[in-house]
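Every value quoted in this text rests on a predicted model; they were computed, and no experiment measured them. Every chain is numbered from 1 and lettered A, B, ... according to where its sequence line falls, protein lines coming before strand lines.
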Amino acid sequence: MNTDLLKELNPAQRKAAEAISGPVLILAGPGSGKTRVITYRIAYLVGTIGINPHRILAVTFTNKAAREMRERLEKLLSGSVKDMTLGTFHAICAGILRRDGEAIGIAKEFVIFDADDQEKLMKQAALDADIDPKKFPVGKIAAAISQAKSQMVTPDKFKEQGKSYFDEIVGRIYERYEKMLAQNNAVDFDDLLLKTVFLFKRKPEILKRYQERYLHIMVDEFQDTNLVQYELVKLLAGQHRNIAVVGDPDQSIYSWRAADLRNVFNFERDFPDASIHYLEQNYRSTARILEVASNVIADNRERKAIKLWTQNEPGEPVCLIEAYNEQEEAQLVVREAERLTFAKKYRLNDIAVMYRTNAQSRALEEAFIRYGVPYKLVAGTRFYERREVKDLIAYFRLIHNPADSISLMRIINVPPRGLGEKSLVEMQAWAREKGISFFEALDIASASTEKPTMAARALASFDIFFKMIQGFIADSKTLPLLELFDRIMEKSGYQVYIKAQPDGEERLENIGELHTVAEPFNALPPGEALSPFLESVSLVSDVDNLDETEGGVTLITLHQAKGLEFPVVFIVGLEEGVLPHFRSFDDPAQMEEERRLCYVGVTRAKRRLYLLRAFRRSLMGGSMTNEESRFLKSIPAHLTTAAASKDEPVQPLVPLQKKLYQYAERPAQPAPFVPASPPSGAVISRTHVRATPPAFKTGDQVKHAVFGDGVVISTLPVKDDTEIVVAFKTVGLKKLLLSFARLEKA
DNA sequence: GCCTCTGGATTTTTT
DNA sequence: ATCCAGAGGC
């Protein structure tokens, strides 16, 4: 290989790349070339030191990052590195469980349940445990269980530690849920990590095999790993201890997913001999952008200060824009995008628009469509969440793993086969009575004289369905994947069915898309393609599919934007309540994370940065006004300009309407404080109010003595009170306690 | 058993 | 505002 490889690095980068023995902690600011360091480090290990790629393990945050790193390495080394283990934690663990999971009772055909499957299973688990899923929203339960799993808390431990009534409910569902996952021969996302750790702890001989194999281990985005992931890393590195982790505490934005910043600090404790490297020179952004970023993040207290600097030119001032509402905000983005590209200075590909919540993408999309500017929406209605795609995958999953009752229930009557609720419940009860899976029950009912009591017609339908799936299972062992695909589409009647649906053509196109996704697996021998195909569709993320070669402006959440860079970045919704998000208002730690999120967004920009906010924003039908984001207040005025720059010709391709507003609607004064008069003149005590709490629910129009009219966003029972979040027309979002807030229905 | 309507929830971020 | 699940009618 090219022995001058390391000359392309600056001294700090080079030292970090060459520190190949023992534990290494690399603290790398945004744009400091950390991906470059990891890549060169591996190239150095393989090309110069002569390490077999088979002995290297590298963990990335997304599949896309893994793919790109592999490509770069193949170029650098002008050879294949396919033996190297390179991927996300989830993908790597799925592989380990596929190979060795049987040692802890996970059959090879296990399937990975996504959030949707999980919720369905949890609903069943709740019903089984005599808990009304309506009273305890599965979403919240799922979050609690995921949190527990990410901290390696088993159902038993969870029940022991539980403090509240809610915990008790979760504990009961958690326990049941785990059993049902096992019955379905399924694992959820958290299990991929957790079960792998469990495997290593239970089977030291298997751990030893992996420990010996991985001479060098690298973990990127270490600040966003959780406890289980760190545990896994420590286990794997236990033998050779050549472990390099790379991260930036200022870019830690996944604590809600149980990522634990303490991992970075604990690394130094757990590996006291670790060498620490700082990468502080930024090569990405203009000096002005970098200074804006530094000012934004400087207001955080909990930091391990990385001092960023750059030799880059100052560049343009950062542009601050206030729009009237989100429609105008979007329009201004589109207009500016057109202006930048019209001068041929930038291509649409160079531009990204970033936002806090997915809901914000809507107004943007509408504007891009209206003005005919091409865009790429990173999340949208996620491809793999489309009904028709999920249906077809359910067929594949059932064929692969007949124990998967969630998939079975999804498709047994799609297309309609005359199997309604009643027959299904009946068959399910029968299966449960016998202690077998739904599919096994179908088998027995089909093959023997023993049948559940129900209409002969339903039994016949079950029989036909069972034989069809059995036929597919046989086909799956002899046919290439795509032929199996086509056969399922045809024989199940799904093709005809979906085409007849509203939007049938579009849905069929989506299935065509899935067909394309399956293509690369077609070359695998029949019977061996299904498993990797299903695994890859389970583990893809939205950013994985972001195509840089396709022309268009990228619309992306701030979270998804981590690790990416663009010459031009627009961040929209810099308002109190949006960024920072109002859910973080009463938790300083969460507020710091919001600030980091803003920092991540700002540091994505190479040359041009636009920070936008809207004076008025609609939310769930209602509308409200927000103050400017506190993050904007961290930015010194001399770095910014209020107007779009003038160095490009002002000649939008599509004429835009003139500004729609004169701030006529801006409230003159906050409403004067008028104490609400008690209905009967009597003083209302807290207890009195609580004794007759008016029931508010989401969507209710309410009136507050001080804040005026608003709409209820959410209610949450806390202790012996209720916390209500209301979006007020004039003052934005407020979190109120029912017992104190004198709220009236309007 | 299938279709239509309505009430309720939904919007924080995702491998 | 919009989407979904469950209820009720055909």
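Among the nucleotides B/dT11, B/dC2, B/dT14, the one closest to any side-chain atom of A/A359 is B/dT11. Nearest to the side-chain atoms of A/F582 among the listed nucleotides B/dG1, B/dT12, B/dT15 stands B/dT12. The side chain of A/R356 has B/dT12 as its nearest neighbour among B/dC2, B/dT12, B/dG1. Relative to the side chain of A/K123, the nucleotides C/dG6, B/dT14, B/dG1 differ in distance, and C/dG6 lies closest.
Nucleic acid contact class of A/L597 (heavy atoms, under 4.0 Å, all strands): none. Residue A/D190 is classed as having no contact, given no heavy-atom separation below 4.0 Å to the nucleic acid. Note on A/R387: nothing from the nucleic acid sits closer than 4.0 angstrom, heavy atoms only. Within the nucleic acid shown, A/F89 has no heavy atom closer than 4.0 Å to any nucleic acid atom.
A salt bridge links A/R630 with A/E576: the distance from a Lys NZ or Arg NE/NH1/NH2 to an Asp or Glu carboxylate oxygen falls below 4.0 Å. Here A/R356 does not pair with A/E575 in a salt bridge; the nearest charged N to carboxylate O distance is not below 4.0 Å. Ion pairing between a basic and an acidic side chain is recognised when a charged N comes within 4.0 Å of a carboxylate O; A/R362 and A/E326 show no such pairing.
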ring-ring contact (aromatic ring centres under 6.0 Å, His included) evaluation trace for A/F222 with A/Y230: CA-CA 9 Å; A/F222 188 65; A/Y230 185 36; 5.6 Å; yes
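Here the C1' atom of nucleotide B/dT14 and the CG atom of A/L558 are 14 Å apart, to the nearest Å. Distance A/D188 CG to B/dT15 C1': 12 Å, rounded to the nearest Å. We find that CE of A/M624 is positioned 16 Å from P of C/dA1, with the value rounded to whole Å. Atom CE in A/M591 sits about 15 Å away from atom P in B/dT12, given to the nearest Å. For A/D260 and B/dT15, the CG to P distance is 20 Å, given to the nearest whole Å. For the pair A/F189 CZ and B/dT15 P, the interatomic distance rounds to 8 Å; values are reported in whole Å. Rounded to a whole Å, the NZ atom of A/K64 is 15 Å from the P atom of B/dT14. Atom OH of A/Y355 and atom P of B/dT11 are 15 Å apart (whole Å).
Both A/G418 and A/Q118 lie close to DNA chain B; mapped to their nearest nucleotides by heavy-atom distance, the more 5′-ward contact belongs to A/G418. Residue order along DNA chain B, read from the 5' end via each residue's closest nucleotide, puts A/T357 first among A/T357 and A/V540.
A sub-4.0 Å separation between OP1 or OP2 of B/dT14 and a side-chain N or O of A/T557 is present. Note on A/R457: every side-chain N or O is 4.0 Å or more away from OP1 and OP2 of B/dG1. Note on A/N358: a side-chain N or O is less than 4.0 Å away from OP1 or OP2 of B/dT13. Neither OP1 nor OP2 of B/dT13 sits under 4.0 Å from any side-chain N or O of A/Q560.
Under a cutoff of 6.0 Å and an axis angle of 45°, A/R98 and A/F110 form a cation-pi pair.
The aromatic ring of A/H581 stacks onto the base of B/dT12, its centre lying under 5.5 Å from the centre of the six-membered base ring with the two planes under 30° apart. The aromatic ring of A/W256 is stacked on the base of B/dT13, with the two ring centres less than 5.5 Å apart and the planes inclined by under 30°.
The environment of A/R262 atom CZ is sparse: at most 12 non-hydrogen atoms of other residues, nucleotides or ligands sit within 6.0 angstrom.
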